[in-house]
Amino acid sequence: MTAPDKHFHIPCPSDHIITVPARLLDEELICPQCNSRFIADFAASVEYSDEQTERAAYQWLVIAIGTVAVLVTAGIIALASQLLK
Ligand SMILES: [Zn+2]
């Protein structure tokens, strides 16, 4: 299934948030509110920064789970070495 007309929210140089269809990314646009020309850059979009925030949160979660897994494994090894003495 494809999303035919995904939209992005990209700020113009004067910080007006413009709704930009995916097919106009990387094109030069004119802000309807202040008439300034700017390039619709995906990296500047609200969606991109949301994605970065989600990714950072996800990476943090992976690190936290990884740390717990290491501690549990170390605990099991310590316990096993105690039992084998
Ligand atoms: Zn503007």
Side-chain angles (χ1 to χ4, degrees):
M1 222 176 90
T2 53
D5 222 9
K6 190 170 163 54
H7 286 72
F8 297 93
H9 296 87
I10 299 176
C12 84
S14 304
D15 280 337
H16 301 119
I17 302 295
I18 313 303
T19 302
V20 179
R23 68 196 152 82
L24 290 182
L25 283 180
D26 295 327
E27 300 286 333
E28 190 182 50
L29 305 178
I30 296 171
C31 173
Q33 292 180 61
C34 65
N35 291 321
S36 53
R37 288 168 178 270
F38 66 104
I39 302 293
D41 183 6
F42 174 63
S45 70
V46 174
E47 284 75 11
Y48 180 78
S49 55
D50 280 356
E51 198 175 280
Q52 294 304 102
T53 308
E54 271 171 34
R55 192 167 297 166
Y58 177 74
Q59 280 172 349
W60 192 90
L61 187 69
V62 168
I63 290 166
I65 290 170
T67 305
V68 169
V70 166
L71 289 175
V72 168
T73 307
I76 290 169
I77 290 167
L79 192 66
S81 63
Q82 289 292 315
L83 292 173
L84 291 172
K85 263 180 192 169

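Partners of Q33 by side-chain hydrogen bond (donor to acceptor under 3.5 Å, both in side chains), not counting sequence neighbours: none found. With sequence neighbours left out, the side-chain hydrogen bond (donor to acceptor under 3.5 Å, both in side chains) criterion links E51 to R55.
The shortest heavy-atom contact between A44 and P11 is O-CD, 3.2 Å. Pairing each heavy atom of F38 with each of C31, the nearest pair is CE2-N, 3.9 Å.
The side-chain heavy atoms of F8 and V46, taken from C-beta on, include no pair separated by under 4.5 Å.
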Could you pull out all donor-acceptor pairs under 3.5 Å where a side-chain atom in residues 13-26 meets a protein atom, sequence neighbours excluded?
from: T19; atom 1: OG1; to: H9; atom 2: NE2; distance (Å): 3.4

Distance-only donor-acceptor pairs under 3.5 Å for side chains of residues 66-80, two or more places apart:
from: T67; atom 1: OG1; to: I63; atom 2: O; distance (Å): 2.7
from: T73; atom 1: OG1; to: A69; atom 2: O; distance (Å): 2.7

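Applying the salt bridge (charged side-chain N to carboxylate O under 4.0 Å, His left out) rule to pairs touching residues 32-42 yields E28-R37, sequence neighbours excluded. Each ring pair (Phe, Tyr, Trp, His ring centres under 6.0 Å) pair with one or both residues in residues 48-85, not counting sequence neighbours, appears once here: F42-Y48.
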